[in-house]
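Read through the structure below, which is laid out as structure tokens, and then see the notes.
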Amino acid sequence: MTEAMPIKKVLIANRGEIAVRVMRSCREMGLRTVAVYSDVDRGALHVSYADEAYRLGPGPATESYLRGDLILDFARRSGADAIHPGYGFLSENAAFVEACEAAGVIFIGPPASSMRALGSKTKARQAADAAQMPRVPGSVTGLANIDEALRVAREIGYPVMLKAAAGGGGKGMRAVATEAELPTAYTAAGSEAERSFGSGEVYLEKLIERPRHIEVQVMADMHGRCLYLGERECSVQRRHQKVIEEAPSAVVGEVLRRRMGEAAVRLALSASYVNAGTVEFLVDSQENFYFLEMNTRLQVEHPVTELITGLDLVQMQLRVAMGEPLGLCQEDVQLRGHAIECRIYAEDPENNFMPSPGRITRLERPSGPGVREDSGIYEGWTVPLDYDPMLSKLVCYGATRAAAIDRMLRALDEYVVGGIRTNIALFRRILLDEDFRAARLDTGYLERLLLVPSIEEEDRVPEDVVALAAALLASTGRRDEVRNGMGRTDLPESRWAATGRREGLRA
Amino acid sequence: MTEAMPIKKVLIANRGEIAVRVMRSCREMGLRTVAVYSDVDRGALHVSYADEAYRLGPGPATESYLRGDLILDFARRSGADAIHPGYGFLSENAAFVEACEAAGVIFIGPPASSMRALGSKTKARQAADAAQMPRVPGSVTGLANIDEALRVAREIGYPVMLKAAAGGGGKGMRAVATEAELPTAYTAAGSEAERSFGSGEVYLEKLIERPRHIEVQVMADMHGRCLYLGERECSVQRRHQKVIEEAPSAVVGEVLRRRMGEAAVRLALSASYVNAGTVEFLVDSQENFYFLEMNTRLQVEHPVTELITGLDLVQMQLRVAMGEPLGLCQEDVQLRGHAIECRIYAEDPENNFMPSPGRITRLERPSGPGVREDSGIYEGWTVPLDYDPMLSKLVCYGATRAAAIDRMLRALDEYVVGGIRTNIALFRRILLDEDFRAARLDTGYLERLLLVPSIEEEDRVPEDVVALAAALLASTGRRDEVRNGMGRTDLPESRWAATGRREGLRA
Amino acid sequence: MNLKTIWIETDGKRRRVELPEDTQGAIECLVDGVALSADVHTAAAGEISLIVAGRQWHCLLDGDAIVINGRRYGFAVDDPRSLRGRAGAAGGATGPRSIKAPMPGRVVRVLVNEGDEVAEHQGVVIIEAMKMQNELKSPRAGRIARVAVAVDATVDSGEVLVVVE
Amino acid sequence: MNLKTIWIETDGKRRRVELPEDTQGAIECLVDGVALSADVHTAAAGEISLIVAGRQWHCLLDGDAIVINGRRYGFAVDDPRSLRGRAGAAGGATGPRSIKAPMPGRVVRVLVNEGDEVAEHQGVVIIEAMKMQNELKSPRAGRIARVAVAVDATVDSGEVLVVVE
């Protein structure tokens with residue numbers, strides 16, 4: 001199966017579902033896989049899926065998955081020709097890319113130069129201007145001081161948005177409605193950015209009201225060809241974190257798709273981009289789109305694009321990294337049907353989204369027609385405290401958006417994760433919501449939905465059946481589970497509503 | 001979600017993976033589901049997946065899943081508007097269809113008249129002739145006696161094939177190379193047909209050498225529209241049972257696809273066919289195709305068609321049964337990529353395909369990109385003795401045939417069914433075989449492959465690692481499993497090579 | 001018929017369920033005194049298929065809840081032995097109160113010292129799990145009687161962090 | 001170092017494996033006297049991840065085999081207690097021989113009676129499972145000493161059907 005290929009062994013510098021997903025494509029291509037792991041991940045799925053595995057260090061990412069030096073060392077020791085960074089961790093670290101280049105190891109992603117040109121938000125905005133891309137009016141460079149902030153805000157007009165130049169995930173962001181609020185917000189955003197990213201640089205943008213978040217997947221080879229692979233709608237967000245993604249967007253037609261796609265390709269080519277990347281846009285109700293930022297890596301939500309294009313993006317990444325030209329042209333990229341992804345998190349939506357690490361005592365996974373599960377967990381595994389709470393991604397395909405939604409509801413009903421809490425019930429609520437089903441979405445949609453108390457679903461199981469089932473399971477079930485069940489009632493604090501300050505540090 | 005629909009509740013008159021698969025589409029469409037079960041299936045997956053469940057009777061199919069009277073009674077009692085028969089059991093029983101019609105219950109399949117016109121092989125051949133379909137030269141009606149057999153065989157020329165008119169699954173079939181062999185073969189085929197199907201009627205066909213088995217999926221609505229949904233190649237067979245199916249066929253181009261598709265549609269329309277059906281052909285090395293028979297039901301292998309068309313055939317069946325017109329026309333049916341299906345059986349290919357019922361002590365299911373599993377099993381379930389040994393269907397999609405094969409190999413590596421034997425290793429062997437990979441297939445391919453001793457695969461685990469792993473698992477593993485492990489060596493007969501006569505009665 | 005009685009609390013109600021000794025197959029039972037015929041099949045530990053008058057429910061036990069069709073129904077078994085403990089926990093509105101970890105995590109900061117006076121809702125400890133920080137607050141005004149954890153400690157769900165009195 | 005010895009038969013060879021008492025984490029062991037450093041993680045009962053010199057194997061126990069990357073590797077633990085029994089089973093080439101069910105199934109037909117003389121490879125019983133019938137044959141010529149089953153009986157794998165002597 002394996003022809004002579006410049007890559008024979010790939011080290012995956014990541015963990016969880018994305019590490020497993022990358023290894024799957026490697027296996028299918030006949031490539032050997034090397035895992036790295038922290039102490040708390042010795043039992044993780046990505047380790048038992050790999051051909052080789054090396055210990056990095058203790059749990060905290062700074063001592064393990066962010067240790068580029070160790071990772072390169074293991075690449076050399078294991079004879080890996082290439083490193084796939086997944087998303088998060090080192091995936092957008094240009095210094096690590098340069099270290100790979102220096103060590104003669106292929107980094108599966110863009111060259112350091114493209115990453116630097118497009119990775120910083122302010123630099124990317126300059127590149128977007130140069131590529132004649134529409135973008136949200138505002139400052140291109142970081143603001144020197146509050147006076148400049150006031151001047152720029154007056155130029156573009158309120159409401160405005162303050163953003164951290166090095167930021168992501170909603171950190172260092174502040175919406176400002178009037179000039180009076182700007183000084184306080186400027187100071188707060190700067191110090192939050194400083195704390196989170198080590199740089200207090202912030203910039204100002206016009207605030208687009210009720211925007212949709214729509215992004216374009218691009219893939220570029222080393223021979224100057226770059227394709228756009230359709231768009232994804234990621235407007236269902238909570239605290240600036242994507243919760244549900246879908247492809248295509250219900251509001252993007254042929255013309256808008258081509259305009260956005262060609263703009264994204266122009267930007268990538270202007271920075272000699274290679275490999276997979278995503279150009280994010282805000283889209284307003286008049287179908288105006290504004291460049292937001294570029295993610296110079298594979299995205300969490302890439303599977304929805306795979307399902308509607310029929311392509312394997314990780315396999316394309318690997319082939320591009322081997323120097324192969326893209327085997328298709330823009331006209332070959334045909335979208336079919338609709339795909340939706342739900343990010344399954346270990347968190348409790350009924351209890352203020354409290355994280356819920358711990359042992360998975362039971363796992364029933366959905367399957368059957370049109371269902372894809374990209375998972376990083378197994379029954380019996382203990383989800384560690386140390387990382388992002390994403391357990392898996394559930395992705396459904398249907399001929400139409402409605403069919404994909406109804407299939408996802410069916411798959412969610414099949415999905416049981418016992419022992420810890422998950423956000424599965426939240427998805428059911430969203431997918432049954434009239435506005436979601438009508439695709440009346442914007443980035444504030446989910447936060448508004450969460451303000452409304454959840455209405456009891458109709459088809460509840462009759463109370464006497466619940467009581468009977470509980471009695472049967474309590475009398476025949478596992479003793480330890482039953483004891484936990486009773487134990488919970490001894491802990492009034494277990495329902496304690498955390499009103500505490502929460503910092504959304506997720507990647 | 002549910003608009004006013006003439007079907008609100010569906011009884012699924014089947015078991016195993018197909019019952020679950022049908023229920024999944026019902027759930028997605030907001031339809032309630034009713035299961036029926038035999039005593040040995042009380043714990044089966046199709047029961048725990050249903051909204052309602054009714055006991056039919058003891059294990060043997062004649063006392064349970066073939067009891068059309070009881071099934072109709074439960075349809076009435078539960079208020080089910082419709083019955084989905086799956087495949088096998090009552091799915092091609094015209095008398096049952098008539099009983100449904102008389103009881104005012106919708107049968108999700110063709111009307112009894114179409115079933116009668118196309119269900120018998122000899123009648124279907126007459127219909128094929130009327131629809132000007134190419135078919136294998138031979139007798140259209142049953143042979144009256146050996147003299148007629150000798151005369152017909154002389155007309156069409158040896159080699160010829162004797163076949164049971166009411167048959168299927170290779171029963172009552174005999175290849176005859178010379179006139180001298182015909183009398184004995186005629187008697188043998190007739191009595192085997194009599195025993196198996198209650199009718200000794202046989203007919204004669206020209207034997208096509210090294211044919212491919214290629215079939216066309218059709219779907220017809222009640223308003224006179226009938227579509228062909230591409231073809232499936234099912235040449236990988238053992239004892240006339242399909243083992244691997246794929247879509248599209250590697251040897252079918254645009255022109256041949258249209259010719260076969262249009263012929264299949266002509267046949268269906270000539271018998272006022274409604275709902276899903278499959279027209280089977282033999283295809284020779286010169287791209288001549290010959291009508292074989294029509295299956296008037298959903299096929300086991302329908303998922304490969306779903307993956308390359310993006311359609312849900314069960315949902316289409318349900319909508320057609322509700323009287324809806326097909327929502328698409330022939331030009332809307334676009335094939336993309338390649339799909340392969342492996343039928344996972346509880347049987348031991350290393351021990352002459354001995355059936356292997358019993359308790360599934362461990363189940364690890366493949367997932368991730370491009371993998372679909374339609375399963376009827378779960379960990380802890382005891383596979384009963386009474387039915388077909390099919391456990392599940394593993395279906396993989398890839399942009400190309402090679403990608404689909406390599407993905408299937410990856411998925412098979414992920415698939416672990418413990419406690420019973422399965423044919424998973426056989427698939428690995430086929431998918432790695434050079435002839436299979438080059439699509440050099442005919443219906444005798446697999447039997448020839450099985451005559452060649454299996455060659456040891458390269459990437460065996462080092463012996464010292466196997467010994468160490470075995471020692472670790474034996475010293476830390478479950479005591480009962482370890483005891484089974486040791487116990488096996490006390491049974492020299494457990495490796496006993498069954499040379500006994502085997503009768504392939506599978507549906 | 002020899003029935004055993006189990007008290008189940010669910011959805012705010014206390015239900016009396018009477019079951020036969022053998023709960024497999026076709027059984028006759030009572031729920032709040034009303035007779036119910038059911039067919040029970042145990043698929044695995046903590047997993048049953050329950051058929052009542054034709055309706056089928058696949059029920060999974062998960063801690064303090066059962067899961068049916070993906071929905072969780074919380075319940076508690078009313079065990080006479082646990083009544084004392086529960087009364088004790090509920091009754092202490094004015095006595096010493098423990099602030100417990102609502103999730104497993106690491107202690108990032110301890111904001112109070114033993115002997116400190118705290119106001120109601122004043123933050124006392126910050127714990128972190130899965131890249132999210134949560135500030136735990138005092139349920140009442142009072143004096144910190146005990147600080148049970150130090151920075152960087154790993155705590156389990158339910159573990160006492162601070163006691164306020 | 002206090003090692004326990006386990007004899008493993010695999011692929012026709014008998015290997016001596018010496019393991020420490022605690023087999024979790026980094027361990028030092030001996031296979032046929034050769035030292036091996038391994039890192040062992042037990043994911044669940046009968047399921048380990050084994051790392052030896054960087055190579056990782058996910059190993060599942062399944063009856064008389066371990067499954068690694070989807071391949072089965074048969075093995076037997078050489079238990080001194082079982083030696084007698086195994087020698088007895090292997091030695092009886094000329095003594096009475098039991099014909100056992102090679103799979104669970106139902107007896108469809110019994111082709112011999114007690115006292116019948118049978119030839120080698122003569123059919124004695126037909127059992128059926130999963131719609132497949134299998135005719136079981138006598139391993140040697142001789143006389144039927146016992147017919148242990150009747151038509152319609154359900155038999156387990158390994159159950160004695162007929163004894164020929």
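So that the names make sense, note that chain A is the first sequence line, chain B the second, and so on, each numbered from 1.
Both the backbone and the side chain of Ala346(A) come within contact range of chain C, with heavy atoms under 4.5 Å apart. Residue Ile68(C) touches chain A through its side chain alone, counting heavy-atom pairs closer than 4.5 Å. Neither the backbone nor the side chain of Glu18(C) comes within less than 4.5 Å of any heavy atom in chain A. Using a 4.5 Å cut-off between heavy atoms, Arg72(C) touches chain A through its side chain atoms alone. Both the backbone and the side chain of Glu463(A) come within contact range of chain C, each with at least one heavy atom under 4.5 Å from a heavy atom of that chain. Residue Ala101(C): no heavy atom, backbone or side chain, is found under 4.5 Å from chain A. Heavy-atom distances place the side chain of Val416(A), and not its backbone, under 4.5 Å from chain C.
Your options are Val34(C), Leu60(C), Leu50(C), Val40(C), and the one with the most heavy-atom pairs under 4.5 Å with chain A is Leu60(C). In terms of non-hydrogen atom pairs under 4.5 Å with chain A, the most contact-rich of Thr154(C), Ile66(C), Asp156(C), Val52(C) is Ile66(C). Ranked by heavy-atom pairs under 4.5 Å with chain C, the list Asp464(A), Leu412(A), Ile424(A) is led by Asp464(A).
Atom CZ of Arg143(C) sits in a crowded spot, with more than 12 heavy atoms from other residues, nucleotides or ligands closer than 6.0 Å.
Leu19(C) contributes atom CG, which lies 5.5 Å from atom OG of Ser475(A) (distance to the nearest 0.5 angstrom). Rounding to the nearest 0.5 Å places CG of Leu385(A) at 13.5 Å from NZ of Lys131(C). Rounded to the nearest 0.5 Å, atoms CE (Met130(C)) and CD (Glu347(A)) are 9.0 Å apart. Note that SG of Cys29(C) and CG of Leu468(A) are 4.5 Å apart. Values are rounded to the nearest 0.5 Å. In this structure, CE in Met354(A) is found 5.0 Å from CG in Asn134(C), a value given to the nearest 0.5 Å. One finds the CD1 atom of Ile420(A) at 14.0 Å from the CE atom of Met103(C) (value rounded to the nearest 0.5 Å).
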Worked check of side-chain contact (heavy atoms from CB on, under 4.5 Å) between Arg55(C) and Val461(A): CA-CA 10 Å; Arg55(C) 284 288 283 124; Val461(A) 177; over 6 Å; no
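Closest heavy-atom contact between Ala471(A) and Val17(C): CB-CG1, 3.5 Å. Among all heavy-atom pairs drawn from Ala467(A) and Ile8(C), the shortest one is O-CG1, 3.8 Å. Counting all heavy atoms, side chain and backbone alike, Leu473(A) lies closest to Gly46(C) at CD2-C, 3.5 Å. Shortest non-hydrogen contact noted between Ala469(A) and Cys59(C) is CB-SG, 3.8 Å. In terms of heavy atoms, Asp62(C) sits closest to Val417(A) at OD2-O, 4.0 Å.
Salt bridge present: Arg421(A) and Asp64(C) bring a charged side-chain N and a carboxylate O closer than 4.0 Å.
With Leu472(A) as the fixed residue, the side chain to side chain contact (heavy atoms under 4.5 Å, CB included) test singles out one of Ile6(C), Thr42(C), Leu61(C), Ile27(C): Ile27(C).
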